[in-house]
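The structure presented is a predicted model; accordingly, all values stated were derived computationally and were not measured.
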Number of protein chains: 2
Amino acid sequence: MTKMTTTPELLLENQLCFTIYACSREITKLYQPYLDSIGVTYSQYLVMLVLWERRQCTVKEIGEALFLDSGTLTPLLKRLQAAGLILRERSLQDERKVLISLTEQGWALQKDALCIPSKMMEGTAMTGDEFVDLLAQFKNLLGRVHDTNLLSKK
Amino acid sequence: MTKMTTTPELLLENQLCFTIYACSREITKLYQPYLDSIGVTYSQYLVMLVLWERRQCTVKEIGEALFLDSGTLTPLLKRLQAAGLILRERSLQDERKVLISLTEQGWALQKDALCIPSKMMEGTAMTGDEFVDLLAQFKNLLGRVHDTNLLSKK
DNA sequence: TTATATTATATTGTGTACAATACATTATCA
DNA sequence: TGATAATGTATTGTACACAATATAATATAA
């Protein structure tokens, strides 16, 4: 028996944070081949999901939906614009806002993306019930942590 | 009722991937004030957890423990070295390997880190049972996804 | 024992993430 | 109305994250 050099609380295998962090990156890798085939990154794909759903958004709205700030979104959106998938234009009503909308090419990409979710289900080797259950638990945790973060901002 | 512009599979709220991704980033934010106070980043903290546990590691071993590659670890380890927390030295037995170990200052930091896990438990507002249960489920998911990724590498 | 393959790390380039700051625009109040 | 605050986006700087490639050292095989 080797002498312990740390405590149970600090063991990597007991860290929920690490498990989630590693999970997130491994899932991104799972998407990689499919995202490569449609030519967007994982974060860009999430932005496209938001736009397919809402048609038009401000940068702020996209940020609220994805929990991302403008320092991340601005360059990302410029790359999507350069790829011809979205339009960026200042609102005429309020010139502080930048309106993001889809080009025809951006809408066309939706068809290519349709098969991705089912491929991912396969990759996680989960049943539909497991998926629904896990999603609910994650959302619950996300809600709690997000609330704590909001409180500590004030 | 507005006309739907996307399908249920592509709705952001149905994406397990996004929920986990957002969760991971929000949890990192939860750690931020405590990590700031001990002067390391989140990824650097994870490397320190590995080293407090194993005393000495090669870069490869740290990468396997954290699912990170050398492109991420090399600069990160150099910053930890510059901060005086670790040592980096080539193995005499096999000069391809770089051995990472803790300085006295690196060990001293462990005391300051001891309080962090309990603070995080508070931030997630979970009971001990919920925590154990959730951790088991995420580990299960991580294992499955990691296996799928390993298979597709071959 | 050389040629070949494998292993371990480092480097480079692209793309996030986010804090901090700057800046222009709009809203509000004295 | 003029000053002040709040809002929305962009910019800058630091630190990952990873694919692809390079390089050096070790192991293996003919």
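- Residue contacts for B:Glu64: at a heavy-atom cut-off of 4.0 Å it reaches no nucleic acid atom on any strand shown.
- The OH atom of A:Tyr21 lies 3.5 Å from the OG atom of B:Ser43; values are rounded to the nearest 0.5 Å.
- When rounded to the nearest whole Å, the span between CZ of B:Phe18 and P of C:dT16 equals 15 Å.
- Using the six-membered ring where Trp is involved, B:Phe67 and B:His146 have ring planes that are perpendicular, over 60° apart on the 30 and 60° scheme.
- At whole-Å resolution of the value, CD1 in B:Ile100 and C1' in C:dA8 are 12 Å apart.
- An OP1 or OP2 oxygen of D:dA25 is reached within less than 4.0 angstrom by no side-chain nitrogen or oxygen of B:Arg90.
- To the nearest 0.5 Å, atoms CZ (A:Arg25) and OG1 (B:Thr72) are separated by 7.5 Å.
- Heavy-atom distances to DNA chain D give each of A:Asp94 and B:Glu95 a nearest nucleotide, and the one nearer the 5′ end belongs to A:Asp94.
- Mapped onto DNA chain C by nearest heavy atom, A:Leu76 and B:Gln32 fall at different nucleotides, with A:Leu76 at the one closer to the 5' end.
- Under the Watson-Crick or G-U wobble criterion, with both distances below 3.5 Å, D:dA30 is paired with C:dT1.
- Side-chain proximity of B:Thr74 to C:dT16, C:dT9, D:dA10: nearest is C:dT9.
- The side chain of B:Thr41 lies closest to D:dA15 when the candidates are C:dA19, D:dA15, C:dA10.
- Within the 4.0 Å cut-off from OP1 or OP2 of D:dC16, at least one side-chain nitrogen or oxygen of B:Gln44 is found.
- Distances shown here put every side-chain N or O of B:Ser70 at or beyond 4.0 Å from the OP1 or OP2 atom of C:dT11.
- The shortest distance between the side-chain N/O atoms of A:Arg96 and the OP1/OP2 oxygens of C:dA27 is not below 4.0 Å.
- Using modelled atom types, no side-chain atom of B:Trp52 and backbone atom of A:Leu11 make a donor-acceptor pair closer than 3.5 Å.
- Across all strands, B:Asp69 comes closer than 4.0 Å to base atoms (heavy-atom distances).
- To the nearest 0.5 Å, atom CG of residue A:Leu10 and atom OH of residue B:Tyr45 are 5.5 Å apart.
- We find that OH of B:Tyr31 is positioned 18 Å from C1' of C:dA17, with the value rounded to whole Å.
- When distances are taken from the side chain of A:Leu68 to each of C:dC18, C:dT26, D:dC18, the shortest belongs to C:dC18.
- Put simply, A:Thr58 has no side-chain N or O that comes within less than 4.0 Å of OP1 or OP2 on D:dG8.
- A close approach under 4.0 Å does occur between a side-chain nitrogen or oxygen of A:Lys78 and OP1 or OP2 of D:dT11.
- Here C:dA10 presents its P atom at 13 Å from CZ of B:Arg79, a figure rounded to the nearest Å.
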- Task: Take B:Glu9 and A:Ser118, measure what side chain to side chain donor-acceptor pair (under 3.5 Å) needs, and give me the verdict at the end.
- Result: CA-CA 8 Å; B:Glu9 307 95 287; A:Ser118 62; over 6 Å; no
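- Residue A:Tyr21 places at least one side-chain N or O under 4.0 Å from the OP1 or OP2 atom of D:dA17.
- Computed from coordinates, the B:Tyr42 OH to C:dA17 P distance equals 15 Å when rounded to whole Å.
- In this structure, B:Ser43 reaches the D:dA17 phosphate: one of its side-chain N or O atoms is under 4.0 Å from OP1 or OP2.
- Nucleotide D:dC16 holds its C1' atom 12 Å from the CG atom of B:Leu77, rounded to whole Å.
- The shortest distance between the side-chain N/O atoms of B:Thr72 and the OP1/OP2 oxygens of D:dA17 is not below 4.0 Å.
- Within the structure, a side-chain polar atom (N or O) of A:Arg88 is placed less than 4.0 Å from OP1 or OP2 of D:dA10.
- B:Leu66 has its CG atom 13 Å from the C1' atom of D:dC16, to the nearest Å.
- Rounded to whole Å, atom C1' of C:dC23 lies 18 Å from atom NZ of A:Lys97.
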